[in-house]
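One structure is given below, encoded as structure tokens.
Convention: sequence-line order gives letters A, B, ...; per-chain numbering from 1.
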Amino acid sequence: MQNYVAVKKLSKEYSCRQLFVDVSVTIPDRSVFVVLGHNGAGKTTFLRILCGLVPATSGQVDFVHCGNVLTAAEKRAKLGLVSPELELYGELSAVENLEFFSGVRGLPFTLQRAREILEFVGLKGRGHDYVATFSSGMKQRMKYAQALLHNPPILILDEPTANLDEVGVALVDTIIRRQKEKGIVIMATNEPREVCYGDQQLSLA
Amino acid sequence: MISNFPWLSRGLAVLRKDLRIEFRTRYAYSALLMFAITTLVTVSFSVGGFLAGPEMTDIAAALLWIILFFSAMAGLSRTFVQEEESGTVIALKMAAEPEPVYVGKYLFNVVLLFSLTVLVVPLFIVMLNLSVVLVGGFLATVFLGAMGLAGASTILAAIVAKAGAKGSLMTVLAFPILLPLLLGAISATRTALGGGSPEAINTDLLMLFFYNGVALAASLLLFEYVWNE
């Protein structure tokens, strides 16, 4: 098992309220890990700790790639995140957003690549529109474009089908299936059809 | 060539993005410009006609840097506050290493402050009817002073963006940190306007140069901790 995510005795508490205690799990390559729980149970916080956006109260998370534990910078290059809390730049067009995220990741940017990825997420022909003018569903698709831009081996999805129509939901199904073939999907959801994808589940009380 | 320096090339991506957004919204520049123009007009109406003699250069030098300092405080914090308030900070943190973010934001603040300085300083000289004796020294003072203001303000803006009382905190935090820079810049400006010796202005310019170096190095070292907080 060369690539995996190891969560070791992870705990998080806010103002004396414990969200979860001593969570330990190993998420192997080519699998889907689903985090379940009622509103406020700590699903989003769990994902944010995995991403390194929020510190854990105790415990640790290791992203292992080819047998080596990734540094923060390496982890950044291998993670893609889609979350309701993540926003893109509304004052930039869809193509300009992708150009920025390519540039800041040190990736070469081509208009062709931007068109391909926008077409894949169902935003063909909208590349030069400002993201601020997009509907909430289109913004969610745009978040997928941003998250998949660097072909990350690990995709972290918080409420993956939020704001999406039936076609959008089918797109997320495709993305999860494809991602499972080449890496890891970690998602927080309570949607029964998304829970079914999970090879492993973690239920936060 | 630039691709050999990842911090710089990625920092330039942040700068391009911020300039594009600023050009379309003018969030920060409007705040800077309105404050600068308002204080400049007020100063010129209230003291413009009364300044004469050796006191003139002392007061004018202090007034110029008061205008630039408070203008910087009014606008330069927007770079990080905007990212926090609009929620784009998560996407930025997921995509970019801390150092290129600092480099990009610093360069953006430098561009913003230079574009303000280019407008405000000539207006200040004309409206207060001043004459610059040491032109080279004056330009170097304004250049190094603006760079120093931008450098220290950038790291402070990153700290302020995490706090609740964003508006007042920036000025409160900035004052003690920027005081050495302001004192040096005022002293050098006074010399340049009053026609003091080049040796005297060189000492102040050297101090401003080292202040810039220290502010930039300390900010780059500290920024990762502020950014990941």
Side-chain angles (χ1 to χ4, degrees), chain A residues 44-45 47-55 71-93 95-109 128 130-133 139 142-150 152 154-158, chain B residues 1-30 78-108 161-162 223-229:
Chain A
T44 299
T45 305
L47 295 191
R48 293 187 74 174
I49 292 172
L50 295 192
C51 292
L53 295 168
V54 169
T71 62
E74 290 168 339
K75 200 172 87 175
R76 203 172 284 115
K78 302 214 181 299
L79 281 185
L81 171 70
V82 175
S83 160
E85 294 178 331
L86 179 148
E87 295 291 339
L88 300 174
Y89 295 95
E91 302 88 349
L92 300 182
S93 70
V95 168
E96 286 168 348
N97 264 286
L98 296 180
E99 183 187 0
F100 166 65
F101 285 108
S102 294
V104 91
R105 284 184 182 278
L107 303 171
F109 173 79
H128 295 289
Y130 290 146
V131 169
T133 65
K139 283 179 182 163
M142 192 58 211
K143 288 178 190 177
Y144 277 97
Q146 173 272 140
L148 297 170
L149 186 65
H150 54 297
I154 301 162
L155 197 55
I156 297 184
L157 310 175
D158 189 4
Chain B
M1 176 67 182
I2 286 176
S3 59
N4 292 332
F5 302 95
W7 278 15
L8 188 58
S9 62
R10 294 173 193 195
L12 288 176
V14 175
L15 171 66
R16 265 196 304 276
K17 180 267 294 177
D18 280 346
L19 285 176
R20 250 181 193 154
I21 292 174
E22 184 57 33
F23 186 74
R24 288 170 188 168
T25 61
R26 296 183 182 84
Y27 280 132
Y29 198 70
S30 303
R78 296 299 305 169
T79 48
F80 283 103
V81 172
Q82 189 67 20
E83 300 273 6
E84 291 282 348
E85 286 180 350
S86 62
T88 51
V89 70
I90 295 175
L92 190 56
K93 277 185 177 174
M94 290 299 295
E97 289 170 46
E99 292 83 5
V101 173
Y102 177 80
V103 170
K105 299 287 185 187
Y106 166 66
L107 292 175
F108 174 72
K162 309 273 184 192
F223 184 71
E224 185 176 354
Y225 299 101
V226 176
W227 185 238
N228 291 329
E229 178 54 43

Checklist entry - Measuring heavy-atom distances to chain B, does A:Leu86 have an atom under 4.5 Å in its side chain, in its backbone, in both, or in neither? => result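 Both backbone and side chain.
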
Exercise: identify the closest heavy-atom pair between [X] and [Y]:
| X | Y | answer |
| --- | --- | --- |
| A:Arg76 | B:Lys93 | NE-O, 3.1 Å |
| B:Leu92 | A:Phe100 | CD1-CZ, 3.5 Å |
| B:Arg10 | A:Val104 | CD-O, 3.4 Å |

Checklist entry - Who pairs with B:Arg26 by side chain to side chain donor-acceptor pair (under 3.5 Å), at least two apart in sequence or on another chain? => result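 In terms of side chain to side chain donor-acceptor pair (under 3.5 Å), with neighbours along the sequence ignored, B:Arg26 is linked to no residue.
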
Item to check | Under the side chain to side chain donor-acceptor pair (under 3.5 Å) test, residues paired with A:Thr71 that sit two or more places apart | outcome: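 A:Glu74.
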
Item to check | Approximate separation, where rounding is to 0.5 Å, of A:Glu85 CD and B:Ile90 CD1 | outcome: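 Here the rounded value is 5.0 Å.
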
Item to check | Reported CD-to-CD distance for the pair A:Glu87 and B:Glu83, which is rounded to 0.5 angstrom | outcome: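 So the gap between those two atoms works out to 12.0 Å.
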
Item to check | Matching residue for A:Glu96 among B:Arg24, B:Arg16, B:Lys17 - test: salt bridge (Lys or Arg N to Asp or Glu O under 4.0 Å) | outcome: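 Per the salt bridge (Lys or Arg N to Asp or Glu O under 4.0 Å) rule, the option paired with A:Glu96 is B:Arg24, out of B:Arg24, B:Arg16, B:Lys17.
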
Checklist entry - Between B:Thr88, B:Val101, B:Val89, which shows the greatest number of heavy-atom pairs under 4.5 Å with chain A? => result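 Highest number of heavy-atom pairs under 4.5 Å: B:Thr88.
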
Checklist entry - Who wins among B:Gly11, B:Ala13, B:Gly87 for the most heavy-atom pairs under 4.5 Å with chain A? => result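 When all of B:Gly11, B:Ala13, B:Gly87 are compared, B:Gly87 has the most.
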
Checklist entry - Under 3.5 Å, is there a donor-acceptor pair linking the side chains of A:Tyr89 and B:Arg20? => result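 No, no side-chain donor-acceptor pair sits under 3.5 Å.
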
